[in-house]
> 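To start, I am sharing the structure in question, which I have written as structure tokens.
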Amino acid sequence: MEKISFMRILFLGDIVGKSGRIKIEECLQEYKNTNKIDFVIANGENATSGAGLSSVHAEKILENGVDCITLGDHAFDQNDIQKIINDNQKIIRPLNYSEESPGRGFNFFNCKSKKILVVQVLGRVFMKKKFSDPFPLLNTILDNYKLGRKADCIIVDVHAEATSEKMAVGYFCDGRASLVVGTHTHIPTADTRILPSGTAYQTDAGMCGDYDSIIGMDKAEPMRRFVKNQVSGRFVPSSGEATLCGIQVEINDLGLAEKVKPIRFGGLLTLRSPE
């Protein structure tokens, strides 16, 4: 039986600072309309001053066309996000935070009479904080809400440092999720593909931020720390034109990926077709 694509998903990597937020505001709605995008997820954990997400910026990002915001290890760096995260079901924090943490690590969304499940987990390799093992938690979610039965589409955001850990999550979820995509390192990887059992995958989506920078930050302070081993201030997001980086996936009626491509739109990293 021929599989029919019924849903087009856009996942955007970490929004970094004001330049990333501006690019979302200026370009996302037009991109959605032009490319007939049904549902948008964006990682927002660096959207406010490069560290965390304020309640004001969360609401603005959602107003500008994002349907779901995922977070990460900086989820609660902006304290006021806790005012809205329990009530705003469009914001997802990592599943393997402590059970006492506010908010939720997964949630369902309705789109075109279908149910989309968005899940986020944190990696543990090279992370400064200690988090619960993501694999048994993911396994429970994927067993309880099986693709094609209780969920028509499942998207997993793996917020992690190590490429090996992200790839392990990808293969762990292959055939059980529609898309597994990494965030956190802010650099788009060149391994966009569909895994053997039908799950779309990319190790890191990149960032929605200014790439004339060091991972989205003004170069001066991180350069000083690398070259002189001196800390003289906090990291400040770079303010040049941002590139929207992410991954676009077409999902079939089985909940698996039919087509997938990387997205790099605007700014220094605009993805151009070969001549």
Side-chain angles (χ1 to χ4, degrees), residues 7-95 97 101-120 151 153-157 159 178-179 181 183-184 205-209 216 237 242-249 263 265-266:
M7 192 178 299
R8 190 169 288 176
I9 304 291
L10 176 64
F11 185 100
L12 295 174
D14 309 48
I15 301 169
V16 180
K18 186 176 182 179
S19 63
R21 300 196 312 269
I22 288 173
K23 201 67 175 179
I24 294 283
E25 182 174 359
E26 291 178 343
C27 301
L28 179 57
Q29 199 59 57
E30 180 181 355
Y31 186 91
K32 286 175 64 176
N33 293 339
T34 301
N35 293 276
K36 299 180 180 178
I37 302 297
D38 297 305
F39 193 81
V40 179
I41 310 100
N43 186 286
E45 77 135 11
N46 299 123
T48 300
S49 302
L53 176 67
S54 72
S55 58
V56 172
H57 291 157
E59 290 167 358
K60 188 67 174 177
I61 289 167
L62 293 170
E63 287 174 7
N64 289 327
V66 172
D67 299 296
C68 171
I69 300 174
T70 54
L71 296 172
D73 55 308
H74 292 293
F76 301 115
D77 282 17
Q78 303 291 326
N79 289 331
D80 77 329
I81 194 66
Q82 298 188 41
K83 298 176 183 177
I84 67 169
I85 195 169
N86 282 325
D87 295 328
N88 193 325
Q89 298 189 13
K90 295 182 178 181
I91 303 173
I92 308 295
R93 51 94 169 149
L95 183 66
Y97 262 33
S101 298
R104 57 196 58 79
F106 69 97
N107 204 15
F108 278 96
F109 299 82
N110 293 318
C111 178
K112 298 178 68 173
S113 300
K114 304 292 184 179
K115 289 185 177 181
I116 298 175
L117 174 60
V118 180
V119 188
Q120 184 180 46
C153 173
I154 299 177
I155 297 150
V156 180
D157 174 353
H159 200 77
S178 311
L179 166 65
V181 59
T183 55
H184 182 65
M207 69 174 175
C208 298
T243 302
L244 292 186
C245 284
I247 184 171
Q248 183 175 312
V249 188
I263 300 300
F265 181 77

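Quick caveat: nothing in here was measured; it's all calculated off a predicted structure. Positions are given from 1, in the same order as the sequence printed here.
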> Quick check against the 3.5 Å criterion: does Arg93 have a side-chain atom that pairs as donor or acceptor with the backbone of Gly72?
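No; zero donor-acceptor contacts below 3.5 Å.
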> Nearest 0.5 angstrom please: Gln29 CD to Asn64 CG, how far?
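Rounded to the nearest 0.5 Å, the CD-CG separation comes to 8.5 Å.
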> Measure the shortest side-chain to side-chain distance between Ile37 and Tyr31 over non-hydrogen atoms and say whether it is less than 4.5 angstrom.
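Answer yes - side chains close enough.
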> Under 3.5 Å, is there a donor-acceptor pair between the side chain of Asn88 and the main chain of Lys90?
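Yes, the answer is positive, given that a donor and an acceptor are paired below the 3.5 Å cut-off.
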> Whether the His159 and Asp73 side chains hold a donor-acceptor pair (N or O, under 3.5 Å, no angle test) is what I'd like checked.
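Yes.
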> Show your reasoning for whether side-chain contact (heavy atoms from CB on, under 4.5 Å) applies to Ile9 and Gln248.
CA-CA 6 Å; Ile9 304 291; Gln248 183 175 312; over 6 Å; no
> Taking the side chain as every heavy atom from C-beta outward, state whether Phe265 and Thr243 have any atom pair closer than 4.5 Å.
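Not touching, per the 4.5 Å side-chain cut-off.
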> Looking only at non-hydrogen atoms, find the nearest pair between Phe109 and Asp67 and report the distance.
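Here Phe109 and Asp67 meet closest at CE2-O, 3.7 Å.
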> Please examine the side chains of Leu28 and Leu12, heavy atoms only from C-beta on, and report whether any two atoms are closer than 4.5 Å.
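The answer is yes; the side chains approach within 4.5 Å.
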> What I'd like to find out is whether the side chain of Met207 reaches to under 4.5 Å of the side chain of Cys245, using heavy atoms alone.
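No; the side chains remain at least 4.5 Å from each other.
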> Looking at every heavy atom in both Leu53 and Ala47, which two are closest together, and how far apart are they?
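Heavy-atom minimum between the residues: CD1-CB, 3.7 Å.
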> Looking at OG of Ser54 and NZ of Lys60, how far apart are the two atoms once the value is rounded to the nearest 0.5 Å?
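Output value for this atom pair is 12.0 Å.
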> Can you find a heavy atom in the side chain of Glu26 that is under 4.5 Å from one in the side chain of Ile22?
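Yes; the side chains approach each other to less than 4.5 Å.
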> Can you name the nearest heavy-atom pair linking Ile85 to Pro102, along with the distance?
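Nearest heavy atoms, Ile85 then Pro102: CG2-CB, 3.8 Å.
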> With rounding to the nearest 0.5 angstrom, report the NE2 to CZ distance, His57 to Arg21.
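So the NE2 of His57 and the CZ of Arg21 are separated by 3.5 Å.
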> Should we say atom NZ of Lys32 is surrounded by more than 12 heavy atoms from elsewhere, each under 6.0 Å from it?
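Yes.
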> Under the criterion side-chain contact (heavy atoms from CB on, under 4.5 Å), I'd like the reasoning laid out for Val118 against Phe106: C-alpha separation, chi angles, the key distance, then a yes or no.
CA-CA 5 Å; Val118 180; Phe106 69 97; over 6 Å; no
> Over all heavy atoms of both residues, which pair between Leu244 and Cys208 is shortest? Give the atoms and the distance, please.
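Reported closest heavy-atom pair: CD2-SG, 3.7 Å.
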> Using the six-membered ring wherever Trp is involved, compare the ring planes of Phe76 and Tyr97 and label them parallel, tilted or perpendicular (cut-offs 30° and 60°).
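The rings of Phe76 and Tyr97 sit tilted, inter-plane angle from 30° to 60°.
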> Ser19 side chain to Ala242 main-chain N or O, any donor-acceptor pair under 3.5 Å?
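Checked: no pair found.
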> So how far is it from Asp87 CG to Ser55 OG, rounded to the nearest 0.5 Å?
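Answer rounded to 0.5 Å: 12.0 Å.
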> Could you tell me whether a side-chain N or O of Asp14 sits under 3.5 Å from a main-chain N or O of His184, the two making a donor and an acceptor?
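Judged by distance alone, yes, a pair lies under 3.5 Å.
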> Quick check: are there more than 12 heavy atoms from other residues, nucleotides or ligands sitting under 6.0 Å from NZ of Lys83?
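Atom NZ in Lys83 is not packed in, count stays at 12 or less.
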> Which of these passes side-chain contact (heavy atoms from CB on, under 4.5 Å) with Ile92: Asn43, Leu71, Ile41, Asn107?
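By the side-chain contact (heavy atoms from CB on, under 4.5 Å) criterion, Ile92 pairs with just one of Asn43, Leu71, Ile41, Asn107: Asn107.
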> Walk me through whether Leu62 and Ile69 qualify under side-chain contact (heavy atoms from CB on, under 4.5 Å).
CA-CA 8 Å; Leu62 293 170; Ile69 300 174; 3.8 Å; yes
> Do Cys153 and Phe39 pass the side-chain contact (heavy atoms from CB on, under 4.5 Å) test, and can you show the C-alpha distance, the side-chain angles, and the key distance before you say yes or no?
CA-CA 11 Å; Cys153 173; Phe39 193 81; over 6 Å; no
> If we only count heavy atoms from C-beta on, is the Ile247 to Leu179 side-chain gap below 4.5 Å?
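Answer yes - side chains close enough.
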> How many angstroms lie between CG in Leu10 and CD1 in Ile263, if you round to the nearest 0.5 Å?
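Result: 6.5 Å between the selected atoms.
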> Report the residues that fulfil side-chain hydrogen bond (donor to acceptor under 3.5 Å, both in side chains) with His74, sequence neighbours left out, ordered by chain and then residue number.
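Applying side-chain hydrogen bond (donor to acceptor under 3.5 Å, both in side chains) to His74 gives Asp77.
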> Are a donor atom and an acceptor atom from the side chains of Asp157 and Thr183 found within less than 3.5 Å of each other?
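Note: Asp157 and Thr183 side chains meet the donor-acceptor criterion.
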> Could you tell me which non-hydrogen atom of Ile81 sits nearest to which non-hydrogen atom of Ala75, and how far apart they are?
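So the two residues come closest at CG2-O, 3.6 Å.
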> Could you pull out the closest heavy-atom pair between Gln89 and Arg104, with the gap in Å?
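Residues Gln89 and Arg104, closest heavy atoms: CA-NH1, 3.5 Å.
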> Hey, is Asp38 close enough to Arg8 for a salt bridge, meaning N to O under 4.0 Å?
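Between Arg8 and Asp38 there is no salt bridge, as every charged N stays at least 4.0 Å from the carboxylate O atoms.
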> Quick check: do Ile155 and Phe11 have side-chain heavy atoms less than 4.5 Å from each other?
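When only atoms from C-beta onward are counted, Phe11 and Ile155 do touch, with a gap below 4.5 Å.
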